[in-house]
There are 2 protein chains.
Amino acid sequence: MKNKTTTIKAVSKAESCVPLLHHIRRYVPLSDDEASLLLDSIHFKIVNSKAFLLQAGQVCGGNYFIVNGCFRMYLNTDYGTEQIIQFGIDNWWIADYTSFEQQRPSDRFIQAVEKSSVIVMEKKEQDVLFQKLPQLERYFRIVFQRAYTAQLNRIHFMLNLSGEERYYHFHNSFPDFVQRVPQYMLASYLGFTPEFLSKVRAKRG
Amino acid sequence: MKNKTTTIKAVSKAESCVPLLHHIRRYVPLSDDEASLLLDSIHFKIVNSKAFLLQAGQVCGGNYFIVNGCFRMYLNTDYGTEQIIQFGIDNWWIADYTSFEQQRPSDRFIQAVEKSSVIVMEKKEQDVLFQKLPQLERYFRIVFQRAYTAQLNRIHFMLNLSGEERYYHFHNSFPDFVQRVPQYMLASYLGFTPEFLSKVRAKRG
DNA sequence: CAAAAAACTTAATCATGATTAAGAAACGAG
DNA sequence: CTCGTTTCTTAATCATGATTAAGTTTTTTG
């Protein structure tokens, strides 16, 4: 009985981590032995809709790889409202890296927008893994280099497009995503009010 | 004669690259032998004010470490104006990393705002260096991780602060920098018009 | 040093999108 | 299936910041 449960869990973990291994192998080599070393240092976690990976005041406990689902990162603004600064979906890493690296309290929330599953890499484990598998430095170098350029491009759109253009640009870039999150979250992310988005959508499609 | 010139040049290069070595050693170990390996793969370049490191249509030829000076990265918008999306100053790396990595034409300009000096790391050389000095992957992982979080924070300010607040926040964060670039560039970077900035400054200090 | 170019200022008018408020629709827990 | 909560819509008023245009100051270059 105990044995069976253990076996099921082990298989389940290996299976649930396939998307991460696949993602890593897109960028750097990783032997099966190295992969099992990695698996020993991470854990898999189901996160219910509206549950938090991180809340303001806490130290960001992990670097999270989103296996599937959707998360939002937001802050509380000076007056009461929530400002979404980032969404994360399948195959993205998400964390407050300032809090994570320095192990200091965060000012952010990371919350599941829908039932999701993530792989958690804790700071200690990550430090050890970087020693054991130095190609992970290269992997994350590439991941962050891309994340950085993505944010620069996003800034370009924020500076150059009107609210309406921003909405349609986002809609064209991620057509399915628009259905997936509440409109008020999308409005916050795109930098305008839900009322304005409602007005834009009323005009055409 | 020939000998003397060579000696002077060699000393000059080693000296001019000190800020880069110093920056790298803030994050990863680098022996003197490794440092000289690095020096063999990079070159130092003086860039006059208004000269370009990159122009739209070209492939981004290098990853540039700014030893001293100031650069702006900008694009031409749909109607004639220039949109500055990034400044770079001492001890920052700057490049169009999409163009650089894929060796495909860029849509951006990187131009010196004042007489500057940079260290150029070309794509080929960088690839070889990553093989020879794997700790450079870690170094750039950290550099990009920070650049990414810096851009996320910037997005937060763009979404939450009014134009006037953005100006004063920037002014407080980088007081000397405000003197250094023309106001119309600062206005573009902060996402409003030069006329508006002029009005804001007229109110107080 | 003088002329030309680049950068900055001021002010009037205009437009995008915020705010407020009330009602409608969709969703979720019991 | 129904009540309560969350989300979305509509419309009127308001404010931030854009646009336009003309004039002034500063910087660059011959």
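Reminder, nothing fancy here: chain letters follow the sequence lines and each chain counts from 1.
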request  = Check each of A/Gln126, A/Glu122, A/Lys123 against A/Asn63 using the side-chain hydrogen bond (donor to acceptor under 3.5 Å, both in side chains) test, and report the only one that passes.
outcome  = A/Gln126
ask   = For B/Pro182, which contact category applies under a 4.0 Å heavy-atom criterion: base, sugar-phosphate, or nothing?
value = sugar-phosphate
key: Aromatic contact, B/Tyr97 with B/Phe144 (centres under 6.0 Å)   = yes
key: d(CD, A/Glu195; P, D/dT7) in whole Å   = 13 Å
message = Which residue in the set B/Phe140, B/Tyr64, B/Phe100 passes ring pair (Phe, Tyr, Trp, His ring centres under 6.0 Å) when paired with B/Trp93?
response = B/Phe140
inquiry  = Measure NZ/B/Lys203 against P/C/dT9 and give the value in whole Å, please.
reply    = 15 Å
message = From CD of A/Gln183 over to C1' of C/dC27, roughly how many Å is that when rounded to an integer?
response = 15 Å
request  = Provide, to the nearest angstrom, the distance between the CE atom belonging to B/Met158 and the P atom belonging to D/dT16.
outcome  = 19 Å
ask   = Any side-chain heavy-atom pair from B/Val67 and B/Ser16 closer than 4.5 angstrom?
value = no
task = Look at A/Ser162 and C/dT16 and indicate whether a side-chain polar atom (N or O) is within less than 4.0 Å of OP1 or OP2.
result = no
request  = Please determine, for the side chain of A/Ser198, which listed nucleotide (D/dT9, C/dC8, D/dA18) has the closest atom?
outcome  = D/dT9
task = Assign each of B/Lys50 and B/Glu164 to its nearest nucleotide of DNA chain D by heavy atoms, then name whichever residue's nucleotide is nearer the 5' end.
result = B/Glu164
ask   = In whole angstroms, how far is the C1' atom of C/dG17 from the CZ atom of A/Arg201?
value = 18 Å
Length of the CZ-P vector between A/Phe196 and D/dA11, whole Å = 16 Å
key: Given DNA chain C, 5'-ward residue of the pair A/Thr193 and B/Lys199, judged by closest heavy atom   = B/Lys199
inquiry  = Without decimals, in angstroms, what is the distance between A/Leu190 CG and C/dT16 C1'?
reply    = 16 Å
d(NZ, A/Lys115; C1', C/dG28) in whole Å = 16 Å
